[in-house]
Amino acid sequence: MNEMWNRNGRPQQRPPTGGERGGMALNKQNRSGGNAQRNYARYIALAKEAASRGDTIEAENCYQHAEHYFRTMRESEKGRRD
């Protein structure tokens with residue numbers, strides 16, 4: 001059985017490991033562009049919220065994450081055109 005114990009001493013199911021994912025490898029071909037777009041929008045919203053609170057460090061952190069997903073989307077679009 002694939003169990004581990006939580007803080008309350010109760011068994012809980014472990015998440016699947018690499019060999020238990022049904023052979024689906026995590027690589028660029030299996031990633032959908034929708035996830036990058038969704039994460040980009042999420043981090044932009046979080047950055048704006050942090051900036052409105054005056055938390056410039058958190059805002060910058062979120063903008064950097066958003067930039068990563070922006071680059072991922074741009075790379076994905078470039079790959080589709082080629």
Side-chain angles (χ1 to χ4, degrees):
M1 189 107 168
N2 197 11
E3 289 183 345
M4 60 184 182
W5 302 93
N6 65 16
R7 291 182 188 172
N8 299 326
R10 296 182 182 138
Q12 70 184 36
Q13 190 72 22
R14 284 187 183 173
T17 59
E20 299 169 351
R21 290 187 179 125
M24 186 173 86
L26 294 176
N27 57 30
K28 288 185 180 182
Q29 288 79 23
N30 289 334
R31 295 181 185 169
S32 70
N35 288 336
Q37 291 172 351
R38 183 173 50 236
N39 287 332
Y40 172 75
R42 185 181 88 192
Y43 280 111
I44 289 292
L46 288 172
K48 288 179 180 179
E49 180 183 326
S52 72
R53 290 191 319 262
D55 190 347
T56 56
I57 296 189
E58 179 67 20
E60 182 63 28
N61 182 30
C62 291
Y63 280 129
Q64 288 178 1
H65 279 79
E67 181 183 13
H68 163 75
Y69 287 109
F70 177 78
R71 291 173 188 253
T72 302
M73 290 185 306
R74 189 172 59 186
E75 188 175 304
S76 177
E77 285 295 319
K78 183 179 174 184
R80 287 186 201 143
R81 282 187 255 144
D82 293 341

Pairs satisfying salt bridge (Lys or Arg N to Asp or Glu O under 4.0 Å), at least one member in residues 57-66, at least two apart = none
Within 6.0 Å of CZ in F70, more than 12 heavy atoms from elsewhere | no
Carboxylate-amine/guanidinium proximity below 4.0 Å for E75 and K78 = no
Please examine the side chains of E77 and R74, heavy atoms only from C-beta on, and report whether any two atoms are closer than 4.5 Å.
-> no
Answer yes or no: is there a donor N or O on one side and an acceptor on the other, between the side chain of H65 and the main chain of N61, under 3.5 Å?
-> yes
Check whether any side-chain N or O of T72 sits under 3.5 Å from a backbone N or O of H68 as a donor-acceptor pair, and report yes or no.
-> yes
Would you tabulate the side-chain donor-acceptor contacts of residues 40-49 under 3.5 Å, counting partners in other chains and residues two or more places apart, or write 'none'?
residue	atom	partner	partner atom	Å
E49	OE2	R53	NH1	3.3

